[in-house]
Amino acid sequence: MPTVAKKKPLVIVTRTLPSAIETRLMELFDTRLNAEDKPLTAAELIDAVKTADVLVPTVTDRIDSRVLSQAGPRLKLIASFGTGVDHIDLDTARQRGIIVTNTPGVLTEDTADMSMALVLATARRMGAGERLVRAGKWTGWSPTAMLGGRLLGKRMGIVGMGRIGQALARRARGFGLSIHYHNRKRVHPDIESELEATYWESLDQMLARMDIVSVNCPHTPATFHLLSARRLKLMKPTAIIVNTARGEVIDENAMVRMLRAGELAGAGLDVYEHEPQVNPKLLELDSVVLLPHMGSATLEGRIEMGEKVLINIKTFADGHKPPDRVLATMF
Ligand code: 8YV
């Protein structure tokens with residue numbers, strides 16, 4: 001019997017990906033790219049879900065129930081380029097029979113590097129120092145200038161002890177920090193003993209005792225404003241906070257008020273509650289280090305993320321279950 005060539009699925013990619021990944025996508029599928037890399041408007045996104053078999057979005061696309069309600073019958077897979085999936089309404093996707101995949105694991109070490117870099121930069125006032133030199137305002141060394149806090153012997157509280165939290169803990173131990181953590185579930189005793197990590201069932205109690213707090217949990221309905229105004233107030237005024245996860249986990253307005261009032265010593269932020277907007281009051285503060293959501297931005301990481309997207313689409317197109325399926329119940 002003659003075999004009929006199977007029609008290639010139409011894959012719509014919302015942003016420009018590394019060229020090696022785009023080339024492979026074009027070879028394997030009927031692929032529509034975004035050469036300009038301009039984020040899609042709401043109307044363009046709706047157009048994409050109406051026509052695609054597979055959508056490859058990123059964190060900059062809001063795929064909410066309004067968008068998904070317009071999805072065409074062909075859309076069967078959303079293969080997101082990234083680990084966090086809070087930009088996708090997972091319940092509505094499931095109800096409509098659309099599989100969602102992500103790219104876990106490949107950005108763990110890079111994001112942990114960035115968390116540690118922000119701890120160092122914030123505690124040692126690297127942002128303020130860099131700005132001083134760049135502004136041509138440095139007049140010379142002084143015994144009392146640019147004094148930060150020593151890391152050695154301090155306590156780090158990690159909120160969210162998943163892959164990234166654990167990778168951060170490994171780094172932090174090398175800097176002489178003691179490791180404390182709060183997580184939905186206590187981690188395996190072997191991991192706790194490897195990291196000499198202390199588990200705090202009560203986030204409130206942990207926050208009150210930490211010198212450094214790092215946010216490393218996903219943003220879900222349960223973690224929205226987990227670090228609320230009330231909880232932030234429990235922290236020591238000498239403490240610093242670092243966030244490479246999602247801005248929504250912290251009540252950003254409350255944090256800004258406390259930083260301005262000197263009720264928190266500093267913050268190192270890679271993510272914001274209303275990206276890409278940054279609260280203008282943060283820009284006025286010398287005690288904060290502000291980065292543009294670049295925690296996973298390495299060349300290697302982006303390629304590996306793209307490879308995961310390719311594998312997820314290819315296994316799906318071949319009639320199998322893609323490996324990185326995301327279920328609403330996972331969060
Ligand atoms: C990614 C991230 O770059 O993967 C994540 O969850 O936050 C980022 O590091 C981004 O999501 C890509 O879509």
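Counting starts at 1 for both ligands and their atoms, following the listed order. All values derive from a computational prediction rather than experimental measurement.
Proximity of His87 to ligand 1 is not established, as no heavy-atom distance is less than 4.0 Å.
Summary of contacts: the protein heavy atom closest to atom 6 (O) of ligand 1 is Gly84 N, 2.7 Å. Atom 1 (C) of ligand 1 has its closest protein heavy atom at Ser296 OG, 3.6 Å. At the shortest separation from atom 8 (C) of ligand 1 among protein heavy atoms lies His293 NE2, 3.4 Å. Distance from atom 7 (O) of ligand 1 to its nearest protein heavy atom, with residue and atom name: Arg246 NH1, 2.7 Å. Atom 11 (O) of ligand 1 has Val59 CB, 3.4 Å as its closest protein atom, hydrogens excluded (heavy atom only). Of all protein heavy atoms, the one lying nearest to atom 12 (C) of ligand 1 is Phe81 O, 3.0 Å. Remark: minimum distance from atom 4 (O) of ligand 1 to any protein heavy atom is reached at Thr83 N, 2.6 Å.
Checked by distance only, ligand 1 and Thr58 stay at 3.5 Å or farther apart across all their nitrogen or oxygen atoms. Not a single N or O atom of Gly82, backbone or side chain, sits closer than 3.5 Å to an N or O atom of ligand 1. Where the criterion is an N or O separation shorter than 3.5 Å, residue side chain and backbone included, Leu107 fails it with respect to ligand 1.
For Leu168 against Ala112, the heavy-atom pair with the smallest separation is N-CB, 3.7 Å.
Here the straight-line distance linking atom CE of Met156 with atom OG of Ser115 works out to 8.0 Å at 0.5 Å rounding.
Within a 6.0 Å radius of CE in Met146, other residues, nucleotides and ligands contribute more than 12 heavy atoms.
Ion pair Arg171/Glu109 flagged as a salt bridge, since at least one NZ, NE, NH1 or NH2 atom sits closer than 4.0 Å to an Asp/Glu carboxylate oxygen. Salt bridge annotation for Arg94-Asp91: present, with a cationic side-chain nitrogen under 4.0 angstrom from a carboxylate oxygen. Contact check on Glu284 versus Arg260 returns a salt bridge, with a Lys/Arg side-chain nitrogen under 4.0 Å from an Asp/Glu carboxylate oxygen.
The distance from ligand 1 to the heavy atoms of Arg302 drops below 4.0 Å at these ligand atoms: 3 (O).
A donor-acceptor distance shorter than 3.5 angstrom exists from the side chain of Ser142 to the backbone of Thr144, with no hydrogens or angles considered.
The side-chain contact (heavy atoms from CB on, under 4.5 Å) test with Leu310 is passed by exactly one of Ile21, Leu17, Val11: Ile21.
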